[in-house]
Amino acid sequence: MAHLSEQEINRRENLQKIIDLGINPYPSELFPVNAYAEEIKASFNPDAPDEKEVIVAGRMMSHRVMGKASFTEIQDASGRIQVYVARDLICPGEDKTLYNEVFKHYLDLGDFIGVRGTVFVTKVGEISIRATELVLLSKSLKPLPVVKVDADGVTHDAFTDPEQRYRRRYVDLVVNREIRKTFEDRTKMYNSMREYLNEKGYLEVETPVLQPLYGGAAARPFKTHHNTLDMTLYLRIANELYLKRLIVGGIDGVYEFSKDFRNEGMSRFHNPEFTQIELYVAYKDYEWMMNLVEELVEKVAIDIHQDTKVTVGDHVIDFKRPWKRYTMFEAIEHFTGIDISEMDEAALRETAKKLEIHIDGSLGKGKIIDEIFGEKCEPHLIQPTFITDYPVEMSPLAKKHRSKPGLVERFEAICNGKEICNAFSELNDPIDQRQRFEEQLELGKRGDDEAMVLDEDFLRALEYGMPPTAGLGIGMDRLAMIMTNSNSIQDVIFFPQMKPEKKQEA
RNA sequence: GACAGCGUAGCUCAGCUGGUAGAGCAACAGUCUUUUAAGCCGUGGGUCCUGGGUUCGAGCCCCAGCGCUGUCACCA
């Protein structure tokens, strides 16, 4: 039996008293809600008060008793509205128990109540409901954090402990109402993208989360075991290789919002499970895909903010097309003054050293270039910028560049110092693809534990033939952070991964 | 993983050079039929993160641990 606080004991006693009065604290039947707080306030005309009858329901969030009359505030999905509860209105007969005992003493903040009443304005000018009927819909046994906002709009006693807010998101949502907007905007982002992609006729699909081989990205996987088949399965780190199989199958435009899982460090930019959208379109190339990304992300910004400009931290980011475009070598030269385009691995290692960038011995040429870029360029790219033409070594699934040897047709969009998408002209030459996988195996042997594994079935699919295809991945959490001005990935995920809660004393 | 900071009532926090805890809100009792951080009056509520140590005495000092936060590292 968990230790109960004084207030929890109190609430349980109140619950018993309610039951003793013959009132069901958790009634089954529906409550015929027909109005919401914000809508009532918005539609009220102070010049022609019509005393309209409404039925509302929600949590009781404040309780001001003044003898035979009281004010209480109900919080519903839309917001809050004040309710005027006068004893003789909710207890028209001789029996005043409902007001004197139940309402005044046995109801607690956080209880769900239902109210029928008429809309009016108080002396002080607050649009309120004059209750004629009040019922308990669900009793709350744990006290919510009490947050109050005074007349000057100053918040008192905010519920601020980040740990508690993430662990008890349900409480956070009740008490810190403004976070709801972040999650609504996140959903708007998904809807906006779906609308755009569906309108183009692309098919939203689902592919396996449990995979016998993990592929499509460079990352360490989560490993699990299937009992009946007695085999190791991995949680997907990307869905690229499956979506390409669908392109092989003749579905010319496919996309999937996928939860991916990477068994790596956690930070304000990394959650072990996160969401990407991946999109593949046949007969297109990466140039075409850049235009799509600009159009898509600009639309998302407009759908959420009614503007291409979005405030993020200290910056105003403008997603208006067209975005700046640099090749990776141009970007490195721009920010360091060094032209690395002709360098071999040894020279690159030397350059990294000169730039004071730590390079692990196991890293190949591509990873070294990526390190230099990540260190010296990426953080400075605030406005949305395309970086194109990556070294072939770091892009084993991308097609070799049509005119620049050693490079692939790949781009990333960088925004607010972070990558928000990654795309290429997809490699569809099965012989080249096999070689690239074999190079990855070599990197793996050198100690790169994120090197890709070889997927024979995927190669078999390519051997049947895949049309030229452009592919794209967008990190939905990262984009959501930007679109909602959130500083941490935990703020755009309802239930971010946490260490297990310390077991409470039984 | 490294470094720094934090952990005191349901919530937000105070607590001096060590003398076994305080405030506001919340709760409880009373009062009040238009209040809004309602008011007035009174009351209760704490394993001061955990475990050791120093000391006559530890919320405070020391050691270890746990948890969280931040920065860095890791991380397409």
Side-chain angles (χ1 to χ4, degrees), chain A residues 3-11 13-14 61-73 80 82-89 99 104-105 108-110 120-126 128 130 141-167 171 175 216-220 237-238 262-272 274 276 358 360 366-367 369-371 373-374 378 387 390 394-398 410 412 414 418-424 449-450 452 473 475 478 487-488 490 498-503 505:
Chain A
H3 169 77
L4 293 180
S5 69
E6 182 195 24
Q7 293 191 42
E8 288 174 293
I9 292 166
N10 205 289
R11 283 171 181 241
E13 286 169 2
N14 287 341
M61 296 300 282
S62 74
H63 198 223
R64 295 182 287 277
V65 178
M66 296 162 301
K68 298 180 188 65
S70 305
F71 285 97
T72 188
E73 276 175 298
R80 286 193 188 187
Q82 178 172 266
V83 178
Y84 176 67
V85 182
R87 187 194 65 183
D88 296 336
L89 278 172
Y99 183 82
K104 275 172 73 173
H105 294 288
D108 294 297
L109 297 187
F120 76 111
V121 186
T122 65
K123 278 182 189 167
V124 207
E126 176 139 354
S128 307
R130 186 187 290 107
L141 296 181
K142 267 194 185 304
L144 289 165
V146 181
V147 179
K148 291 196 173 189
V149 181
D150 67 22
D152 301 325
V154 180
T155 302
H156 298 264
D157 302 334
F159 177 56
T160 52
D161 179 355
E163 179 186 6
Q164 293 307 324
R165 293 184 58 190
Y166 299 142
R167 286 197 194 281
V171 173
V175 160
R220 279 172 292 175
I237 58 174
R262 297 186 184 177
N263 204 343
E264 291 171 348
M266 290 164 63
S267 76
R268 70 189 183 94
F269 292 106
H270 300 85
N271 196 60
F274 64 103
Q276 290 197 92
H358 174 71
D360 192 278
K367 281 255 186 179
I369 294 171
D370 189 42
E371 286 291 325
F373 177 78
E378 204 174 45
I387 303 297
Y390 284 61
M394 58 190 290
S395 314
L397 300 168
R410 168 178 175 182
E412 291 190 0
I414 314 289
K418 279 280 165 186
E419 168 202 341
I420 56 170
C421 84
N422 182 20
F424 3 105
D449 55 3
E450 291 175 352
M452 286 186 194
R478 300 270 179 91
N487 197 41
S488 166
Q490 294 176 300
M498 306 283 284
K499 283 195 190 176
E501 202 166 0
K502 210 171 140 191
K503 195 78 181 162
E505 177 60 34

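Every chain is numbered from 1, with letters handed out A, B, ... down the list of sequences.
- The pairing partner recorded for G24(B) is C11(B), the criterion being a Watson-Crick or G-U wobble arrangement whose two distances lie under 3.5 angstrom.
- Base pairing of A58(B) is not made with any nucleotide, judged by Watson-Crick or G-U wobble geometry with both donor-acceptor distances under 3.5 Å.
- Here the side chain of Glu6(A) is nearest to one of G45(B), U36(B), A37(B), namely G45(B).
- For Tyr84(A) against U35(B), no side-chain N or O and base N or O form a donor-acceptor pair under 3.5 Å.
- Remark: the Asn10(A) side chain and the A27(B) base include no donor-acceptor N/O pair separated by less than 3.5 Å.
- Residue-to-nucleotide proximity on RNA chain B shows that, of Arg262(A) and Ser267(A), the 5′-proximal contact is made by Ser267(A).
- One P atom belongs to C60(B), the other to G53(B), and the distance between them is 14 Å to the nearest Å.
- The gap from the P atom of C48(B) to that of C56(B) amounts to 23 Å, rounded to the nearest Å.
- Nucleotide A4(B) is matched to U69(B) when pairs are restricted to Watson-Crick or G-U wobble geometry with both distances under 3.5 angstrom.
- Between Tyr166(A) atom OH and C68(B) atom P there is a gap of 12 Å when expressed in whole angstrom units.
- Of the nucleotides present, G39(B) is the one that pairs with U31(B) by Watson-Crick or G-U wobble criteria, both distances under 3.5 Å.
- Taking only side-chain atoms of Gln82(A), from C-beta outward, the nucleotide of U33(B), U35(B), C11(B) with the closest atom is U35(B).
- Between Glu378(A) and Asn14(A), the residue whose closest nucleotide on RNA chain B is further toward the 5' end is Asn14(A).
- Interatomic distance, CD of Glu419(A) versus CZ of Phe269(A), reported as 12.0 Å (0.5 Å rounding).
- Put simply, His156(A) rests on the base of A37(B): the two rings are less than 5.5 Å apart at their centres and nearly parallel, under 30°.
- OP1 or OP2 of C68(B) lies within a sub-4.0 Å distance of a side-chain N or O belonging to Arg167(A).
- The CG atom of Asn263(A) sits 13 Å away from the P atom of A76(B) (whole-angstrom rounding).
- Between the base of A26(B) and the side chain of Gln7(A) there is a donor-acceptor pair shorter than 3.5 Å.
- If you check distances only, the side chain of Thr160(A) never reaches the base of U12(B) with a donor-acceptor pair under 3.5 Å.
- The nucleotide whose nearest atom lies closest to any side-chain atom of Arg220(A) is, among C74(B), U33(B), A76(B), C74(B).
- The separation between Glu126(A) atom CD and U35(B) atom C1' is 9 Å, rounded to whole Å.
- Closest approach to the Arg64(A) side chain among C74(B), U35(B), U12(B) is made by U35(B) (side chain taken as heavy atoms from C-beta onward).
- Rounding to whole angstrom units, CE of residue Met66(A) and P of G30(B) are separated by 18 Å.
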Close N or O pairs between protein and nucleotides 1-8 of chain B (under 3.5 Å):
none

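- Atoms CZ and CD, from Arg64(A) and Glu73(A) in turn, are 5.0 Å apart once rounded to the nearest 0.5 Å.
- The pairing partner recorded for A64(B) is U50(B), the criterion being a Watson-Crick or G-U wobble arrangement whose two distances lie under 3.5 angstrom.
- The nucleotide whose nearest atom lies closest to any side-chain atom of Asp157(A) is, among C25(B), U36(B), A27(B), C25(B).
- Across C28(B), C25(B), A76(B), the shortest atom-to-atom separation from the side chain of Asp108(A) is found for C28(B).
- In this model, the phosphate group of A29(B) is approached by a side-chain N or O of His105(A) to a distance below 4.0 Å at OP1 or OP2.
- Remark: Glu8(A) engages Lys142(A) in a salt bridge, criterion side-chain N to carboxylate O under 4.0 Å.
- Which of G67(B), G30(B), A27(B) sits closest to the side chain of Glu163(A) comes down to G67(B).
- At least one side-chain nitrogen or oxygen of Lys68(A) sits closer than 4.0 Å to the OP1 or OP2 atom of U33(B).
- Checking G18(B) for Watson-Crick or G-U wobble geometry (two distances, each under 3.5 Å) identifies no partner in any strand.
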